[in-house]
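For reference, the structure is listed below as C-alpha cells.
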Amino acid sequence: MEKHLGSVCINPHEFYYWRTQRFREKMDRRRMEDQNQCKRRLRVCVATCNRADYSKLAPIMFGLKSHPDEFELEVVVLGSHLIDDYGNTFRMIEQDDFDIGSKLHTIVRGEDEAAMVESVGLALVKLPDVIQRLHPDILVVHGDRFDALALATAAALMNIRILHVEGGEVSGTIDDSIRHAISKLAHYHACCTRMAEQHLIAMCEDHSRILLAGCPSYDKLLLSHKKEDYMDIIKSWLGDNVKEHDYIVALQHPVTTDIKNSIKIYGLMLDALLSFNKITLILFPNIDAGSKEMVRVMRKKGIEQHPNFRAVKHIPFEQFIQLVNHAGCMIGNSSCGVREAGAFGTPVINLGTRQTGRETGENVLHVRDADTHNKIYHALELQFGKRYPCSKIYGDGNAVPRILKFLSSIDLDEPLQKTFCFPPVKDPISQDIDHILETQSALAVDLGGTNLRVAIICMRGNIVRKYTQANPKTFEARMQLILKMCSDAMRDAVFLNCRILGVGVSTGGRVNPQEGVVLHSTKLIQEWSAVDLRTPISDALHLPVWVDNDGNCAALAEKKFGHGKGVENFVTVITGTGIGGGIIHQNELVHGSTFCAAELGHIMVSFDGPECSCGSRGCIESIASGMALQREAKRLHDEDLLKVDGLDMKISDPITAAHLINAARLGNSKANIVLNKASTALGMGIINILHIMNPSLVILSGVLGSYYQAPVQRTIMERALFSAQSVKVVISDLEEPALLGAASMIIEIGQPQHLSGVHRVHLHATITTMDDFDMLNAPATGNGVGVEEDPAAAFLAQQESEIAGIENDEGFSILDSGDVPSSLTDSNGGAVNGDFHGESNGPSDAYAAISNADRLQAEPESLRKWREEQLDRLEVLDKNSRKQEAEWKEKAKVELEEWNARQNEQLEKTKTNNRAAEEAMISDLDDNNPGTEWERVARLCDFNPKSSKQAKDVSRMRSVLISLKQSPLVR
C-alpha cells in the first residue's frame, strides 16, 4: 500500500518514521538554542601585580576580551603597578584599552623583609571587598610574587576557583616556596614546560586539571620580534649612535633569601660593565626586599650619570623584547634571560642562584658563584656579540588558544573542593590488643654440616626458643625436617605470644640471595646444590623467606647486634671448621657479581702449602681452619710428638684441634710451630683484605677467634701498610652469629636491606659453630630442645611498668599482684613470652591460621583465666578514668568562668583609661596645632592603640587614607 508524495513514492511506515525523526531533530535544535541563551558567560578575573606578570597575562586578557560571548573579563590591579618609582605601569594597562575594575594600593614601602610581609597583610585586608563585589567564577593569577600569594589565599578562602599560570617551575629562591604554595591553593594549572607539568604531578595535583599550554608571552613574542622599526626603538632608548648587537641589557633583582650576597653580585656586575665599556641599558630592580640597597649601590657608582649607561624604571613589553632581541648580550638574573631571550638566540649571562633549576637553552652562560669582577668580565667577553639558535622550550606561540579552550571546559557545577592524587600507600590496619601484646619476631634457620637448628628470635636479638636436630644426609629428608621444625616453631610462637614476620635461612655454600637458591654447597652438606629454599618454605608457611650464606649472615648479625653496629666498613672472619665471613662496605653487605667474591678461606698465602678442599693449595682454610689444625694434631699424635706433661688425653677420645692448642699452651714446641704458622697465614690473609677493602674494623668470630685475636693483631702491626696498622681486631660477643644474622634479614623491615647494595661480595664459610662439627670436644649426641632465653618476664615487667605509670598519673591502683600464671613459665621457672613491642602491622597469614584454629583448642585454662582477669581490670581502669575526667572537666569549667570574669573586669578598666588618654591627647593636639584635616587623620593613624577596638579604628582609618589619597603608605 503506497502513497505518492510529490514525485517520491514512500512507504507509509517509512514516512511516519521520517516525520518522527524530523520532529525530534527540530525539538533538539530548539532545546540547544534555549540552553545557549540561558548559559551565562564565564566571569574571569585577571589580577596583575607588576610589569613582569602583566607581560604574561596581557595575551590571555586580549584573548578573553576577543570572546565576549563566552567570557566576561574583570581586571584587578595592585602591587607595584601603582607606584611612581616603578613607572605607574597601570597606565600601560589602560592604554591597552582594558577597563580596570579595582586598583588596590597594597605595597608598604621599605623594600625589606618586613615590608613584604606587611604588603601581603595589607592585600589580604583589601582583597575580600573586591572579590566579594566582583564575585568571579575563576581568578587567574601568575607566577611566584608575594602579591600573587595574597591573591590566591584570599580567593581560596572565599571559595573562588583559581587558575595558576606558570606553576611547577623551579628557580632556587624563596620564589619556589611561594610558587608551590600558590599551586597548592589553585584548582587549575596552565604550565609552560613538560618538566613543570611533571613537577605538578609529583606535587599530587590532579593531572586532569593541568594544562601544558606554554608561556603566554611567547604568543606575542614570536609574532612581533621581527618588526622592521626595531632600530627606531633602539635609538629612542639608547641614542642615535648605537648599532644592532652592540649594546647590553642588564636586569638584576634581589634574592630575598640572600640579600647581602645579592647586593655584592650587583656591585660586581656594575664594575664589570663599567670595565667592559659598552653602551648598557639597565633597568631598576623589582620591589623585593633588598632593592633599595641595590639602587643605592647603582647611584653610588654614578650609573645614572655615566655616558655608557641608560637607567630606566620601565619599558613597554613590546619595545623591551625588541631591545632584548637585538642586544649583543643580556646580563643579570631576570627570568626574561632564561625564557624570552632564548626565543631570539640572544646570548645571556645568568648571575647567582635566582634562576637555579629553570630550564635554559644553550644561549645561557651561568655564573652562579659570581664572587669576583674578573669572572663576570670574562663571561662578558665570551658571550658578547654571539648569536645562538632560537629555543622554544617555553612555548610555540599557541598558549592563549589552549588556555581559553581550557577555561571553557571548566564545569562550575563540579565540587569546588580540590582533591589531591597521592601515591598509593598501604592502608592503615586497626590494632587489636593481642597484636599490641605480641612480640614481633623472626624465624631463623641455620643449616650446618652436622646440625640443623631453628630459633625464634625477637626484635632485640634475644633467642626466645631454639630447636636442634641432626642434619639429614639426603635432600628429601632435610627439606622435610626443615618444614617440620619451622611448623613446630610457628605453633609454639602462638603460645609464646610471638608474631613471626618472616623466615631467614643461613646455609653453607654459594647462595643467590635474590632468588633464595643455594648454587653450590660445601662438601659437608651433601645433595645441597641448585636447591630452591625460598619457594617450598614460603608456600608451606605463607611467610617471606630470605636465604644467604652463613658467613654473610654472621656479618649481618654483627651489623645489627654486635661490634659492627654503627660501623660503616668492617670485615667479619669466622674461624671454625672452615674459614669464612662477610664484608660490610658502606653499610651494605657485599656479594659480588656471581655471589662468590672475597672467599676469605680461599685466599692463597703459600704456593706449596697443603691441599685445600677447593682443589687449590696454600689457602688460609688449609692452614688455619679447625679441620687443618685437627689434621696437624693427628699427625703429631701419630708421630708421638703431641704428648706433653699436663695434657689430659684419653685413648677413647678423638684427636681435635683443642688438643693441639692445649699442648702449645703447655709448652709443646711442635704444636707452637703449627699454631704460629696458622696464625701468620690468617694474619696475612686479613692483611690482603685490609689492603683491598680498607675496613675500619676486623671482627673474629667462631671457636678459634679468641685464640687468633692477639697473633693476628701482631701480624697486622708487623706486616701491613702503615695506614692499615691502626685497624682494630676484636672478638665477637655473639653466641649464635649465623642464627642472629638469618633473623636480622627479617627483623629490619620485613625484608633485608643488605640486598639493596650495588656491589656485593659473597663469602664462604663451611662450618661456623661447634654444633656443626665439634673441634675442641667429642661430637655431641641427642636431639633435645634447648631454651636459650624466655622473656615473658620482660613482657610482664613492661606491662606492670605501664600500669604503674597509669596508677601514678590517674591516682588509683589497678593490679593487686604481678604473679605470672603457671602456663606462662617453662619447667625451669623462666617465662616463655617474648619482649614487649608496641608496633604491629597486623598478623601474618600463618599466624592468623594458627591463632584461629589452634589457640581455642590448645590454650590452657589458666592462660584463658588470666586474660579474662586482665580485661576485668582494664574495665575498672576505664570506669575510674572516665569518672575522674568528668570531675576534672567540671572543675576546669568553674575556673574558666572565674578567669573570664576577671579578664572582662580588667578589660573594662583598660578601655576606660585608654579612652581618657586618647581624648586628652587629641584635645591637646587640636589646641596646640590643629593643622589640616589630612594631618589630623595622619596623626590619628600614627596613634598607638591600647585596645582591640582602637586597633580596628586605626586600621580602618589608615585604609581610608590610602584609598582616598591614591598613594602608598610610607613606613
Side-chain angles (χ1 to χ4, degrees), residues 442 444 457 459-462 504 506 513 546 548-576 579-592 597-601 603 682-683 685-702 704-706 708-717 720-749 751-765 768-769:
I457 299 177
M459 299 287 285
R460 297 180 181 176
N462 297 324
S506 167
W546 297 97
D548 211 330
N549 168 266
D550 47 9
N552 289 338
C553 286
L556 291 175
E558 294 292 342
K559 181 176 183 291
K560 177 68 177 175
F561 305 110
H563 292 298
K565 194 171 184 178
V567 180
E568 187 174 4
N569 302 287
F570 69 90
V571 175
T572 298
V573 181
I574 301 178
T575 56
I579 299 291
I583 296 177
I584 300 293
H585 181 63
Q586 294 182 353
N587 289 319
E588 300 289 348
L589 179 63
V590 188
H591 283 93
E599 287 279 359
L600 301 187
I603 297 176
L682 181 61
I686 292 176
I687 287 174
N688 290 335
I689 300 171
L690 299 182
H691 290 171
I692 295 172
M693 300 300 296
N694 193 28
S696 59
L697 179 67
V698 175
I699 303 172
L700 295 182
S701 182
L704 296 175
S706 59
Y708 279 137
Q709 189 264 342
V712 168
Q713 186 77 74
R714 185 169 57 250
T715 303
I716 291 174
M717 293 297 296
L721 292 174
F722 177 77
S723 57
Q725 292 178 5
S726 61
V727 173
K728 191 176 181 181
V729 180
V730 299
I731 303 170
S732 174
D733 295 332
L734 304 178
E735 295 182 2
E736 299 289 353
L739 286 172
L740 290 174
S744 70
M745 292 190 287
I746 304 298
I747 286 174
E748 285 292 335
I749 53 173
Q751 63 180 18
Q753 292 184 356
H754 67 283
L755 294 179
S756 61
V758 177
H759 305 290
R760 297 180 168 101
V761 176
H762 177 75
L763 303 168
H764 167 69
T768 61
T769 65

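Since the structure is predicted, the reported quantities are computational estimates derived from the model, not experimental observations.
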Closest heavy-atom pair, Leu589 versus Ile583, reported as atoms and distance to 0.1 Å, is CD1-O, 3.5 Å

Looking only at the side chains, is there a donor atom on one of Ser732 and Glu558 sitting less than 3.5 Å from an acceptor on the other? yes

How long is the span from the CG atom in Leu700 to the NE2 atom in His563, to the nearest 0.5 Å? 10.0 Å

Looking at Val730, is its backbone amide N or carbonyl O close enough to the side chain of Gln713 to form a donor-acceptor pair, meaning the two atoms are under 3.5 Å apart? no

4.5 Å side-chain heavy-atom contact, Val698 and Leu690: yes

When every non-hydrogen atom of Cys553 is compared with those of Ala738, the smallest separation belongs to CB-O, 3.8 Å

Given side chains that start at C-beta, do those of Ile457 and Leu740 come closer than 4.5 Å, heavy atoms only? yes

Where the side chain of Asp548 meets the backbone of Ser506, is there a donor-acceptor pair that is under 3.5 Å apart? no

Heavy atoms only: give me the nearest Ala554-Ile574 pair and the separation to one decimal. CB-CD1, 3.4 Å

Check whether any side-chain heavy atom of Asn569 sits under 4.5 Å from a side-chain heavy atom of Met693, and report yes or no. no

How close do Leu556 and Ser744 get, heavy atom to heavy atom, and via which atoms? CB-OG, 3.5 Å

Rounded to the nearest 0.5 Å, what separates atom CD1 in Ile689 from atom CD1 in Ile603? 4.0 Å

Atom pair OH (Tyr708) and CD1 (Ile686), whose distance is rounded to the nearest 0.5 Å: 10.0 Å

How long is the gap from CG on Leu739 to CG on Leu734, to the nearest 0.5 Å? 11.0 Å

What closest approach, in Å, do Ile747 and Ala442 show between heavy atoms, and which atom pair accounts for it? CG1-CB, 4.0 Å

Mind checking the CD-OG1 spacing from Gln709 to Thr575? Nearest 0.5 Å is all I need. 11.0 Å

What is the distance from atom CG of Leu600 to atom CD1 of Ile579, rounded to the nearest 0.5 Å? 9.0 Å

If you take all heavy atoms of Val567 and Asn587, which pair is closest and at what distance? O-OD1, 3.6 Å

Just wondering, do Lys560 and Lys565 contact through their side chains at under 4.5 Å, heavy atoms? no

